[in-house]
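Have a look at the structure below before the remarks.
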Amino acid sequence: MIARNLLWKELKQAKANAVCLLRYSDKQRKKIWTCLSWPELDRLSAFYLLRLTTLEQWWFDHERGIMSDAELMLLIRLTRGAECKMFVRLNATVRHISEEEVEIIDRKVNNYLNSVYFTITAND
């Protein structure tokens, strides 16, 4: 259960970071035609979308018994270093997110996770 809860937190954070980057970069692209941080925003978005896909695969493998708790914990630990480095870059690139925007991101993330994971796990 500990591994599953840890994976859940990682999934939620990865999805929140991906949504945040997409919303932030969309707003920046509408404001300014040339932006030095666009390539960095694109790299960060690609990283978090790939991380989200990977975490989702681990979730499904763990739920179906293909991956043990120990294997899941090890994979999370092994990939957390890269995620921490990218999170530092995210914070340096995305300078401000309003409270209203945080609420929108939280709502989108919760809606996504509840629709995908609770639907799937409820049918298993």
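One distance of note links SG of C84 with CG of L90; it measures 12.0 Å at 0.5 Å rounding. Distance check: C20 SG to I104 CD1 gives 11.5 Å after rounding to the nearest 0.5 Å. Atom-to-atom distance recorded for L6:CG and I76:CD1 is 4.0 Å, nearest 0.5 angstrom.
No single ILVMFWY cluster, assembled from side-chain heavy atoms under 4.5 Å apart, contains both L49 and Y24. Both L75 and M73 are members of a single hydrophobic cluster when ILVMFWY side chains are connected at heavy-atom separations under 4.5 Å. Taken together through direct or relayed side-chain contacts under 4.5 Å among Ile, Leu, Val, Met, Phe, Trp and Tyr, L22 and M86 form parts of separate hydrophobic clusters.
Residues forming a salt bridge (charged side-chain N to carboxylate O under 4.0 Å, His left out) with E56 (at least two apart in sequence, or on another chain): none. In this structure R107 satisfies the side-chain hydrogen bond (donor to acceptor under 3.5 Å, both in side chains) test with no other residue, sequence neighbours excluded. Qualifying side-chain contact (heavy atoms from CB on, under 4.5 Å) partners for A16, counting only residues two or more places apart in sequence or in other chains: I105, V109. Looking at residues two or more places apart in sequence or on another chain, you find a side-chain hydrogen bond (donor to acceptor under 3.5 Å, both in side chains) between E10 and R51, R80. In this view, E71 and M67, S68 satisfy the side-chain contact (heavy atoms from CB on, under 4.5 Å) rule, not counting sequence neighbours.
One side chain, E83 or Y48, offers a donor N or O that lies under 3.5 Å from an acceptor on the other.
Between H62 and A3 the shortest heavy-atom distance is NE2-CB, 4.4 Å. Nearest heavy atom pair, residue L72 against residue W58, reads CD1-CB, 3.9 Å.
Taking 4.5 Å as the limit, some side-chain heavy atom of L113 sits within range of a side-chain heavy atom of W8. Looking only at side-chain heavy atoms (C-beta outward), W59 and E63 come within less than 4.5 Å of each other. Counting heavy atoms from C-beta outward, K12 and K15 have side chains that stay 4.5 Å or more apart.
Through direct or indirect side-chain contacts shorter than 4.5 Å among Ile, Leu, Val, Met, Phe, Trp and Tyr, L78 is connected to L74.
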| request: Show your working on side chain to side chain contact (heavy atoms under 4.5 Å, CB included) between L55 and L7 and close with a plain yes or no. | output: CA-CA 7 Å; L55 290 167; L7 180 57; 3.6 Å; yes
